[in-house]
Structure formats: C-alpha cells, structure tokens
Protein chains: 4
Amino acid sequence: MVFGLRTDMSVSKTRTYKAADERRAQILDCALHAFAEHGYHGASIADVCARAGIGRATLYQYFRDKRDVLVCLAERIAVRVLDAYQHRTPWSLPPGYRPTEAQVVAFMQKRLAEVLEVVFEDAATARLLLTAGRGADGVVDDLLGRIDRAILGTIEAELRVAMEAEAIRPLDAHFVARFFLGGFEKIVLSYLEEGRPIDVHAIAREAALLEVCGIYPRGDAPPEPRH
Amino acid sequence: MVFGLRTDMSVSKTRTYKAADERRAQILDCALHAFAEHGYHGASIADVCARAGIGRATLYQYFRDKRDVLVCLAERIAVRVLDAYQHRTPWSLPPGYRPTEAQVVAFMQKRLAEVLEVVFEDAATARLLLTAGRGADGVVDDLLGRIDRAILGTIEAELRVAMEAEAIRPLDAHFVARFFLGGFEKIVLSYLEEGRPIDVHAIAREAALLEVCGIYPRGDAPPEPRH
Amino acid sequence: MVFGLRTDMSVSKTRTYKAADERRAQILDCALHAFAEHGYHGASIADVCARAGIGRATLYQYFRDKRDVLVCLAERIAVRVLDAYQHRTPWSLPPGYRPTEAQVVAFMQKRLAEVLEVVFEDAATARLLLTAGRGADGVVDDLLGRIDRAILGTIEAELRVAMEAEAIRPLDAHFVARFFLGGFEKIVLSYLEEGRPIDVHAIAREAALLEVCGIYPRGDAPPEPRH
Amino acid sequence: MVFGLRTDMSVSKTRTYKAADERRAQILDCALHAFAEHGYHGASIADVCARAGIGRATLYQYFRDKRDVLVCLAERIAVRVLDAYQHRTPWSLPPGYRPTEAQVVAFMQKRLAEVLEVVFEDAATARLLLTAGRGADGVVDDLLGRIDRAILGTIEAELRVAMEAEAIRPLDAHFVARFFLGGFEKIVLSYLEEGRPIDVHAIAREAALLEVCGIYPRGDAPPEPRH
DNA sequence: GATGAATGAGTGTTCATTCAT
DNA sequence: TATGAATGAACACTCATTCAT
C-alpha cells in the first residue's frame, strides 16, 4: 500500500498484579524519578504511570490525587532524611573539654559525611528536595519546609551546645545554621547539575574546614601586617 | 446553579492606552509579581493581564508567548543583578599589603551589603530568582544558570586574587564560591518565607564574619585545650 | 444580559462507552461530515465532537491533533478510492484485436461507473476530496496530491496500453489523463453543489462518449462539407 | 553584555500616503498574492498589510472586513475574466456551412488560447480562483460560483449554436461544458503546482484536439476490426 | 485489583477588528 | 489619512480525574 496506516502493536496488553504495599512503593519510586526529571508540574500522571507500567486509573486507587503522591513521597523522604540526621554521631564532649581546631574540623567532617551519604544515596531524591518540589504546591511546600526546619533546628541546637561548651565562638546560631545548610545545598545542586562524580568525603572535608576556619589565614605563626 | 451571576462589577470597560515601552515594562512588573506569588506554572496569563488591567491578547503584542515573558523578565533581572555585582567596590590592595582579619571582615561586609541591597530591592525579584523561576523552563533555567555562573565566576575570581595576595588562606575557590552563594541564598529565602523585616547590614556583617573567620574561636589569646 | 440562562437542556449528561475502534471510526465519520459542510478550517473540534456526542477531550485520545483527524480521514479515503480504482475491470485485449468505437465506449463506461460509484458512495467524501480538504494543510495536501497522482498514474498507464494496442489514437497521455480527471471532478462538484440526484450510469455513459468520440460528428456516412 | 536584548531597528517608521484609489488597488494586489500563497484562511490581515507596507487598521478604511477584501478581489477578477471570455473570437459560421474537423480544431484552439492567456496572465489569480478561494466563505463561494456559471453558460451557449449548425454532434451541452472547463482547470492547476513553464498554445492545441476528436482513432481509412 | 474509556475545566494563543490620536 | 495600541471571541489542546467493567 502506498499510504501507511498506523499500527501500534508494541504496547503490552498483559496486566500485572501486585500486593498493595508493593504497588504503592513502586508508584512512589516512579513518581520520584518523574518529578526529579521534569519537576512536579512538568511530570504528568501519565508519565508516572507509564514508568510503573500501569494504567492511569490505577494510581488513583493508591493516592487521592497528584498532590497526594508528592506529599507521600515527601513524607517518605522526610522520614529517611530526618532519621539519618538524628542518628548522626552526636556531640559528646566531656564537660569542660576544649577541643582543638583540628579536632573540631575532623569531627564535623565525619558528621557531614554521614548526612551527605544519605542525601546522595540517590540523586533523584536530592533533586526533588532541592529543585523539583519547590514552589510546587502549598501543602508540599509546607512539608518540605518542615523537613528544612527540622534539619535547621538540629544544626542550631548543636551550635548552641557547642557554644555553651565554648568549642566554638559566640555566634547567631539561627543565621549560621541557615548559611551552612544553604551552602551544602548549593554544592549538592552544582554536582547534580554538572552530573559530576561525587566524592562525598572530599566535599565534607572542604566544607568542614570552611565552616570551622573561615577563609582568613591563621596558623602557629599568625602573619604580621607588613606595616 | 443554573443562573450565573456576574459578581465582578468593578472591572472598568474603558481601554487604557500607553506607550509601548511603558506597557511592556508594566506587563513585566505584573508578571514578576504573579510569577513570584504562584510560580511560573501556577500563574496564568489571565492572572498577569488582570494585574495589568489589560486584555489577554494585549500581552501577546509585546511577548511571543508565556515563556518569552519569563525570559525577558530574567534578562531584565540579569542586567540589574550582574551590573550591581560588577560595580561593587573592587579589591584594591596595595601590592604586598597584608590586611588584618578585621579589615577583611569590614571590607567583605561592605561588598556583601552592596549586592544584597540590589537583590532585596524587591522581594518578588528575589523570589523569582530563587524559587519561582527554577525548573520552569529549559531556556529560563539556562538564563538563570548563566546569572548564577556569572556571579559565581566573579566570586571565584575575587577569591583567587585574594589568595594570591595571601589576604586569605589557600582554598578551593570553585567550592568556596558555591558554598558562600548558597549560604546567601538560603538566608535570603528564609527572610522571604518568614516575611521578616530585613536588616541588610546586619546580615552582611554576620555573613562576612562567618565567611572570614569560620566558627572556631580565635583571638589574641588562643584558647588552650583544658585537657 | 446579567443572567446567563442555560438554554441547552437536551444534552444528555450520561457518558457513552464504545470500543476504541468504533469510537475512532465514528469520530472520523463525524469529522468527515463536519469538514465537508464547513471546510476544514471552518469546522471546529467542538463541532465534530458534538456530532459524535462526546466531550472534546475524548477526540484527543484517538487523534494527535486536528490535522491528524484530517490526515487519518484522507488515509481512510485514499485506501478506499485507490482500492476501487485498482480493482476496476482491466483492459484485457486479445493481442492484435482492434475494438470498434462502440466497444471502447461501452468498455470505458463500465470502468467509469465502477469508480464513480465509490466516489459517490457518499457525497461528503467527494466534497472533502474536491473542496474541503484542498489547501487546508501541507501534509493533507500532500496526501490528497498523492491520491490524485495515483489515480492519474493509473489513467495514464491505461491510456499508454491502449495506445500501444492502437485501440486509441496517439496522444499525450499525461495531458489527457489530467484533462479527463478534471472533467470528472467538475461534474461531480456540480452535482454536489446543485444537490441534484445522481444517475451514475448516465454520467458514465456521457463521459465515456465524450472522451472516446469528442464533439465532432462522425458516422458511417461522414458528413460532407457542403460546397 | 552577556545577555542580548532585543532590538528591532529594521522597521521603517515613515508613513506613506497615497490616493484612495491607488491604495485600494494596492491592497487588493497584496491580498491577491497573500491569498494565493496561503489560502484565504491561511493568510492573515497582518500578512496582507505587511505586504502593502501599511498598518493593519488602514485596511479597514478601504474594506469593511476581511471577507470584503476577498469579495472585491473576486469582483475585480470576475470583470477581467468575463470580459476576456466574452470578447473571444465568436463563432461566425456562414449559415449552412459545415466546417471540417481540422477547421473546428483550429478554431477552438484559437479561442482556448485567448482565454488561457488571460487566466495565465498571472498565476496568483489562477490559484485564487481554483484553489485559495474555494470553500472560503459562503458569499465568496457564491461570487466565484457566479463566475464559474457565467463561463459555463458561455460555453454551453456556444455548444448549442454549434450543434444547431451541425458543426458538432448532438450532445448534452450542460454536461460537456462542465467537463471541458473541469479539464482545463485541472491542467492549469497541474502547471501551477508543478511550477512548470507554460506553453499556452501547446495546451490549447492539445485540448482542442481532445475535445473535438476524442481518443478514438479515425481517419480517411477507418480501421477494420481484424476479427 | 486493574484498567480502557471518557471528560470538565482550564490554558495559552490567534486574529479580525475597533478605538484614540 | 494613517496608525499604534488594545481587545473580545474564539480555538486547539492538555491533564488530572472519574466511571463502568
């Protein structure tokens, strides 16, 4: 025939059956990647369902609506991230002990690595938290904001403890916590966007050094202004 | 409801005429606020035009499509922000001069304030740059990314100059620039989200101190570890 | 009018369900009539869907866009028309046999009727092919053009065969094929436009006679120019 | 600057003033070409005005609306075409004279060429008549239809005269007139679409021969069926 | 439990046309 | 006369969501 007719034989017709919990988890996984790739608004329900190999209507047996998918996703992530954050190596200073600068750096480096490893466990999650989920929806913003504030609160609390122990100088903990977290996020984002391979420990070392020491030179022999 | 009652009697029917340049600028202003408030996808053309008090079709005499509005907006912002960034007080160190820590802090505080004042000039712009415009569209992402990289490049270059002058310690300029900018952005965002009144100079002071000195205490009398 | 009164109470609210193939065919049928009646540009998607008694979005589950509807329609017609054209009674002349004028006329009449019956099977199709689809869209024009050329090619080939068999006089087959087809089309159009009842066989007879004999008188007793 | 801003310096700002008649004619010319190129629906008012180098609003000082442009255009064409058709070399047969086949062919060839030369005077007109204007609008269809019927009427009348003079065989003049005109139009169209150079006289010769003699061979020595 | 089929409510966009200068 | 500016009314199209099986 001269005129080609459309024939679409490639779509598999077989249904797949799964236990409810599995399906739910699978849908969330697919949604995570879809949202991470195209953003919440850019990813369509059809997109998510295609990845999961299910019909569009099926999704609605597990989630109330599109937003619900994102909310549940955010909740799942929140649990993981907060859990990781809270199980980090705690400040455990003998009262009255005053650590050296090098000790503080080493200590922070370890703690940072613990968190970074969780966040970087998968890039899609990081992307969702930092980019795709932002400004998506009031409720989700709230949830992401809560995660944010929880982490910030943890950092703040630590800083206050350290201040009281005089392990660090007096500072505005609220401010510093935000500044640090923002710095981290930007680093993570830049890695994500550049698609570079990530050396978590190198990042942690650099960040810890920066946070602890700042950029001004110091040393055993503090430099004298030359007149 | 069978009977639809037109409730909005306040809309004037009279056309308003304006010079093309004015209209264009006005539309961009309205779009800025609409996008900042609801995000790029969340804000509709109707929304933007309602704010401007014009018919929807009018917008299309000035912009090719919705994306074009965002692109032009981003361009307008880019010009302003980059301009401000590039006209900051430059590092002007007498060759071989080695500033004290306090001098460096004071100097950076001044420079930071110069940029922050531009970004905070209006909250909507900040919100667009940091939230609403992200992930909205490939082209805009590119543009925002270019702004980002331009600022980062400037910071990096400054850090390298300062390093060579030994005004700051050796460090990974690429990394540090990102970390700083990320910190700033997070601070700005937190102010935006909390709707708090902003004391630009206080922020600048705090940030400069943090960047320069880090969190570890130091002083004329460096603290001794008390076992 | 402040109060909008919904006047169209006759529209049923109940969904109708159909197998995909049926729906698709039904939509094509409705589109055919809508396009034939108002032209491709003049007919709206809403128009087509209203005829089919479906929501506007439903159409887009079967066709990519409005153009796709026309393309598929053209394809469907193309198959039918070309099929009919190619299965016509073939020239089957014993080699060396030289048919009389009357035989050629009778033969062509039969062949013409076979095609005309297909084209006239429904007036809407004819109208689409000859009027509504023309100049509507580059792709469709291509397709209609291909149908056109396919038919023309068939006619040309036949003419060449007949010429070689000396059943007809030597002529420019390319030219004659176009002239004949154009003549047919105009006749068809005039019937469509006048809404006259159509006697396919009468048309075929007349056309065959004209094609074969031309308008100049001839006969057993060829007329003598008087003086 | 890194970010290119749009600057459109190329549009000339100078107004052009013209006498009303000139302007009107100029607009019609531009409309002719615009319609011929993109079809009536496909060509926009903006398109027409851009060709004429005038503002869109200016057009409405000369024509009521878009349709009016096409109507006036069609009227202008109608005058020209009908005029040409009616001033053709008339049948001027001495009563009772019976021309030979060759004479009829030569005569018709001459008359055909006279019309073809007018139609082909410019391709845009031909395209408008045969393609772009079809199905555009009820009123315009009427007008084009009137042109069509006028030409057909002329042909019919001639055929009837010739029949009475027994210069041609008895036939259904209504039918034959349509068939001939359709044939012509198709030939013209094929030339237009293929963009081929046109030899009007060759076309006229071929068409005349076909119309007069048909495709069946004839001659001084009528061929005998060889059983 | 799973899904193909169907859709309402909305979006961005176009374009012929009008208004004020 | 000429036009830049403005727009209503339409349109094609999308997508999250629901229904019937």
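Below, each value reflects all heavy atoms present in this structure, side chains not excepted, and no hydrogens, waters or symmetry copies. Convention: sequence-line order gives letters A, B, ...; per-chain numbering from 1.
Residues meeting the salt bridge (charged side-chain N to carboxylate O under 4.0 Å, His left out) test with Arg56(C), sequence neighbours left out: none. Residues passing the ring-ring contact (aromatic ring centres under 6.0 Å, His included) test with His41(C), sequence neighbours excluded: His41(D). Asp47(D) is linked by a side chain to side chain donor-acceptor pair (under 3.5 Å) to His38(D), Arg51(D), counting only residues two or more places apart in sequence or in another chain. Every residue meeting the salt bridge (charged side-chain N to carboxylate O under 4.0 Å, His left out) condition with Arg67(C), not counting sequence neighbours, appears here in chain and number order: Asp137(C).
Annotation: cation-pi geometry not satisfied between Lys66(C) and Tyr60(C) (NZ/CZ under 6.0 angstrom from ring centroid, within 45° of ring axis).
A donor N or O paired with an acceptor N or O is found under 3.5 Å between the base of dT18(E) and the side-chain atoms of Arg15(B).
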Check your understanding: What's the verdict on salt bridge (charged side-chain N to carboxylate O under 4.0 Å, His left out) for Arg76(C) and Asp29(C), showing C-alpha distance, side-chain angles and the deciding distance?
Key -> CA-CA 11 Å; Arg76(C) 200 178 69 166; Asp29(C) 287 339; 2.9 Å; yes
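Backbone-only engagement by Ala20(B) is indicated by non-hydrogen atom pairs under 4.0 Å involving sugar-phosphate atoms exclusively. Within 4.0 Å (heavy atoms only), Phe63(A) reaches no atom of the nucleic acid at all. Within 4.0 Å (heavy atoms only), Arg23(D) reaches sugar-phosphate atoms of the nucleic acid but no base atom.
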**Study point:** Pairing string, 5' to 3', for DNA chain F - Watson-Crick or wobble contacts under 3.5 Å, brackets [ ] where pairs cross, | to another strand
**Key:** .||||||||||||||||||||
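In terms of phosphate contacts, Tyr62(D) brings no side-chain nitrogen or oxygen within less than 4.0 Å of OP1 or OP2 of dT1(F). The phosphate of dA6(F) has neither OP1 nor OP2 within less than 4.0 Å of any side-chain N or O from Gln61(B). Remark: Tyr60(C) is in phosphate contact with dC13(F), judged by side-chain N or O atoms under 4.0 Å from OP1 or OP2.
By the 4.5 Å heavy-atom criterion applied to side chains, Arg15(C) and Ile54(C) are not counted as neighbours. In this structure the side chain of Val69(B) never reaches within 4.5 angstrom of the side chain of Tyr62(B), judged on heavy atoms.
Taking a 4.0 Å limit (strictly below) on heavy-atom distances, residues 42-50 of chain A reaches DNA chain F at Ala43(A), Ser44(A), Ile45(A).
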